[in-house]
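Working notes for the structure below.
All ligand and atom numbering here is 1-based and tracks the order in the structure. Positions are given from 1, in the same order as the sequence printed here.
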Amino acid sequence: MILEQIDKELLAMAEESDSVLKDIYQNIDDICLHNSNRVLSAFIENQVSYSDFADINGYGNYDEGRDKIEKIFASVLGCEDALVRPQIMSGTNAIYLTLSALLKHGDTMISISGAPYDSLQEMIGIIGESTQSLKAYGVKYEQIDLVNDDFDDDKIIERLKQGNVKLIEIQRSRGYSHRLSLTIAKLERIIKKIKEVAPEVIIMVDNCYGELVEKLEPGHIGADVVVGSLMKNLGGGIASTGGYVAGNADLIHMVAERLTAPGIGKDLGANFNLNNSFFKGIFMAPSAVKSALKTAVFTAYMLEKLGYKNVSPAYNEERTDIIQTLELGTKENLVNFTQGIQATSPIDSFVRVLPAPMPGYPFDEVMAAGSFTQGSTIELSADAPVVEPYTLYMQGGLSLEYGKLSILLALTNMNK
Ligand SMILES: *Cc1c(COP(=O)(O)O)cnc(C)c1O
């Protein structure tokens, strides 16, 4: 039994935490209620029915369930339309699909949140020699770095005034960098300024890990297209694959035509009997995100109490995604903590985590991922490059109770 293995002092600290964290948990509950209202209202508005779960195979023509899923996603994300498909196989695939559809030879895209997420680098052509990168297709890439974890407004506006920009990419979540994630308030400020000087520029937000963490989504504050994975927040821990692109109807039409073919667009594509789990996934997503956030807050609190520095976000800091980074200081701590998370996973608990090389990564990696869906990170998971200062990236957790058991066992493992 797990509880019996947990250090008694840690258990006492965990019990104390509930009263200290009460107001923070309450705020997370408020956001969950707000977002649940939006999700449930979208189900009712779209008259979801048992018959929408029908398994349509082959070409997937006339799948009303699929159409309703896409209307619900659009509505929840504050957008006109959406594409939610098992044929979009990950967040990276969704981003590549979107950029490929919206950018043509000679166009320029600018990342205004610094270097994009690792898996985008080769796709854009920042690194590597792929013949399929955007660069190989004649798309130009520019980057404007963040200043003090916020947008460099002046530089961005100055660049836009020079013209010849097709698309701006904003990554809301920190990814594997040491910056803070970008809140909706910061996004709203910069998007407003961009629209004033360059209303024709397409604003795309990589929304991975940010969905339903705040009351508003990028679509509510002017983003033209937003992209994410169903192995993260909006899959609710239930969708077993898939990705989404949501945004202005004309842009979604272009992305759909890129996915299927010009003239076909959204009309085709079998959902392989996944409609039920896509519906149920977004239905449960506000609550899954709530649990992931509380697990992150709890973890941050425990580590700060134990004297660890550079816990980010701090337990009482504002959040806009579900990522928690923990600087564990030594290789031994990192490995022991990660092993503790793996050992308390419902799946593959018996697997012993060891540092190992990973294709595409410069350092050995440790990874704890005992999830029902392979690679799912709305389920409790953690990974890190094994390099100083031994920072672990942790996210997910489908219930606070399971999260507490895992974190307390991991801490026990680390301190022994
Ligand atoms: C996870 C993630 C991606 C890529 O999504 P995958 O589903 O892992 O391909 C892109 N951007 C950010 C910020 C992410 O967190």
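Cation-pi geometry between Lys404 and Tyr25 is not met: the NZ or CZ atom fails to fall both under 6.0 Å from the ring centre and inside 45° of the normal.
Close approach of ligand 1 to Tyr209 (heavy-atom distance below 4.0 Å) involves ligand atoms 15 (O). For ligand 1 and Ser90, the ligand atoms under 4.0 Å from any heavy atom of the residue are 7 (O), 9 (O).
Between Ser312 and Glu327 the shortest side-chain heavy-atom distance does not fall below 4.5 Å. Taking 4.5 Å as the limit, some side-chain heavy atom of Leu411 sits within range of a side-chain heavy atom of Met414.
Looking at Gln171 against ligand 1, only its side chain comes within 4.0 Å, counting heavy atoms. Counting heavy atoms under 4.0 Å from ligand 1, residue Ser229 touches it through the side chain alone.
When each of Asn35, Ile31, Thr183, Asp321 is checked for a side chain to side chain contact (heavy atoms under 4.5 Å, CB included) with Glu214, only Thr183 meets the rule.
Between Phe73 and Tyr244, the ring planes lie tilted relative to each other; the angle falls in the 30° to 60° range.
Ranking protein heavy atoms by distance to atom 4 (C) of ligand 1, first place goes to Thr92 OG1, 3.4 Å. Ranking protein heavy atoms by distance to atom 11 (N) of ligand 1, first place goes to Asp206 OD2, 2.6 Å. Nearest protein heavy-atom contact of atom 2 (C) of ligand 1 is Lys232 NZ, 2.3 Å. At the shortest separation from atom 6 (P) of ligand 1 among protein heavy atoms lies Gly91 N, 3.4 Å.
For Met231, the heavy-atom gap to ligand 1 stays at 4.0 angstrom or more.
Between the side chains of Thr108 and Glu142, no donor-acceptor pair is found at a separation under 3.5 Å.
The shortest non-hydrogen separation linking Glu217 to Ile184 is C-CD1, 3.9 Å.
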